[in-house]
Amino acid sequence: MTGSEDADIRGVRRVAHVLIDCVIGDIAKQSSFDAVVNAANAELRIGGGVAGAIHMAAGPELEEACRPLAPIRPGQAVMTDGYSLPNRRVIHCLGPVHGVDSPADDLLRQCYRNALDLAERDQIRSIAFPAISTGAFGFPMAVAAPLAVNEVAACAQNLRRVGRIRFVLFDRTAMLYHAKALDAVPRE
């Protein structure tokens with residue numbers, strides 16, 4: 001993406017009653033959200049990237065709560081309390097490893113859909129997602145961003161409790177890909 005394209009990128013869209021936006025930030029510091037999503041590993045243990053940041057901020061209770069829920073499969077989501085995080089809940093999703101887990105696109109969509117299903121059932125009103133599978137799991141951002149945004153936008157049509165969804169991204173490139181995908185979501 002070039003700098004001239006940046007001026008047209010807003011990264012905010014309302015779909016049905018749900019406000020969807022994207023920001024560059026730290027997923028473990030989203031204090032105005034009921035839940036954050038952990039880009040987890042299969043064993044739901046502390047790791048690098050998003051999983052490391054969430055586990056470090058939540059404290060050792062999070063790892064203890066995760067033990068009986070593990071292992072999880074690609075596309076699956078489970079939920080725990082947030083412990084020392086500023087969020088009441090953490091939804092842990094295992095994204096696909098690009099080039100290993102297949103069908104990778106479908107498994108990535110399932111992560112977002114299953115997380116939103118859990119949020120609805122728990123009466124969560126706001127949820128923040130990272131860019132699942134785009135770090136150590138190697139999913140190309142140019143492919144993952146539109147898959148994630150389009151799945152969230154499709155799910156938003158049926159959400160009754162969740163009213164705010166945020167993509168919390170780690171750098172400008174991730175932000176631009178997500179914002180461009182969000183800007184392409186049809187207006188109602």
Side-chain angles (χ1 to χ4, degrees), residues 11-23 27 30 33-42 44 49-51 54 66 69-82 87-169 174 177-186 188:
V12 177
R13 178 74 79 231
R14 184 166 297 280
V15 177
H17 78 282
V18 181
L19 180 66
I20 306 170
D21 71 346
C22 49
V23 299
I27 192 75
Q30 300 303 306
F33 286 79
D34 294 337
V36 292
V37 175
N38 178 17
N41 52 60
L44 301 174
V50 169
I54 286 177
C66 286
L69 302 174
I72 63 172
R73 298 174 316 281
Q76 190 176 357
V78 295
M79 187 164 40
T80 64
D81 287 337
N87 321 96
R88 141 174 106 80
R89 299 297 225 168
V90 177
I91 298 174
H92 309 267
C93 294
L94 178 58
V97 175
H98 193 261
V100 175
D101 298 317
S102 67
D105 291 5
D106 290 341
L107 292 169
L108 186 60
R109 283 186 202 96
Q110 284 177 27
C111 284
Y112 290 93
R113 183 173 47 250
N114 289 336
L116 289 169
D117 286 347
L118 283 176
E120 274 288 294
R121 279 184 273 184
D122 199 54
Q123 299 185 18
I124 288 169
R125 301 194 77 60
S126 56
I127 183 171
F129 284 96
I132 298 170
S133 285
T134 61
F137 286 9
F139 215 109
M141 188 66 69
V143 178
L147 283 172
V149 167
N150 290 332
E151 186 62 31
V152 165
C155 290
Q157 300 289 339
N158 299 313
L159 297 174
R160 298 294 168 253
R161 293 175 178 91
V162 176
R164 187 167 181 213
I165 300 170
R166 171 172 283 173
F167 290 96
V168 181
L169 306 159
Y177 277 115
H178 283 77
K180 184 175 182 181
L182 196 50
D183 284 347
V185 170
E188 297 184 352

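Of the possible polar contacts, one joining the Arg13 side chain to the Val185 backbone as a donor-acceptor pair under 3.5 Å is found. Side chain of Glu120 to backbone of Val162: a donor-acceptor contact under 3.5 angstrom is found.
Listed by first then second residue, pairs satisfying salt bridge (Lys or Arg N to Asp or Glu O under 4.0 Å) with a partner in residues 139-148 number zero, not counting sequence neighbours. For residues 144-156, the side chain to side chain donor-acceptor pair (under 3.5 Å) pairs, not counting sequence neighbours, are Arg113-Glu151. Listed by first then second residue, pairs satisfying side chain to side chain donor-acceptor pair (under 3.5 Å) with a partner in residues 134-145 number zero, not counting sequence neighbours. The side chain to side chain donor-acceptor pair (under 3.5 Å) contacts involving residues 93-104 comprise nothing, where partners must be two or more places apart or lie in separate chains.
Minimum heavy-atom separation, Leu44 to Ala70: CD1-N, 3.9 Å. The two residues Gly95 and Pro74 come nearest to each other via the heavy atoms O-CB, 4.4 Å. Between Pro96 and Ser133, the closest heavy-atom pair is O-OG, 2.9 Å. Nearest heavy atoms, Gly11 versus Ala179: CA-CB, 3.7 Å. When all heavy atoms of Leu69 and Val78 are compared, the closest pair comes out as CD1-CG2, 4.1 Å.
Screening Ile91, Ile27, Val168 for a side chain to side chain contact (heavy atoms under 4.5 Å, CB included) involving Val36 leaves a single residue, Ile27.
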Using distance only, find each side-chain donor-acceptor pair of residues 139-147 under 3.5 Å and give its atom names and separation, not counting sequence neighbours.
none

Can you give me every donor-acceptor pair (side chain of residues 123-130, partner residue at least two apart or in another chain, under 3.5 Å) with its distance?
unit_1 : atom_1 : unit_2 : atom_2 : d
Arg125 : NH1    : Arg161 : O      : 3.4
Ser126 : OG     : Asp34  : N      : 2.9

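Qualifying side-chain hydrogen bond (donor to acceptor under 3.5 Å, both in side chains) partners for Arg164, counting only residues two or more places apart in sequence or in other chains: none. Qualifying side chain to side chain contact (heavy atoms under 4.5 Å, CB included) partners for Val18, counting only residues two or more places apart in sequence or in other chains: Ile20, Ala156, Leu159, Ile165. For His92, there are no ring pair (Phe, Tyr, Trp, His ring centres under 6.0 Å) partners at least two apart in sequence or on another chain. Scanning for salt bridge (Lys or Arg N to Asp or Glu O under 4.0 Å) contacts around Arg88 gives Asp122, with sequence neighbours left out. Residues meeting the side chain to side chain contact (heavy atoms under 4.5 Å, CB included) test with Asn114, sequence neighbours left out: Ala77, Gln110, Asp117. Residues passing the salt bridge (Lys or Arg N to Asp or Glu O under 4.0 Å) test with Asp106, sequence neighbours excluded: Arg109.
Taking CG of Asp183 as the start and SG of Cys22 as the end, the distance is 7.5 Å to the nearest 0.5 Å. Atom CG of residue Asn38 and atom SG of residue Cys66 lie 7.0 Å apart, to the nearest 0.5 angstrom.
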Mind running side chain to side chain contact (heavy atoms under 4.5 Å, CB included) on Leu169 and Val23 for me, showing each step along the way? CA-CA 6 Å; Leu169 306 159; Val23 299; over 6 Å; no
Go through the steps to decide whether Phe167 and Val149 satisfy the test side chain to side chain contact (heavy atoms under 4.5 Å, CB included), and finish with yes or no. CA-CA 9 Å; Phe167 290 96; Val149 167; 3.9 Å; yes
Test side chain to side chain contact (heavy atoms under 4.5 Å, CB included) on Met79 and Val90 and set out the steps. CA-CA 6 Å; Met79 187 164 40; Val90 177; over 6 Å; no
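Looking only at side-chain heavy atoms (C-beta outward), Phe137 and Leu94 come within less than 4.5 Å of each other.
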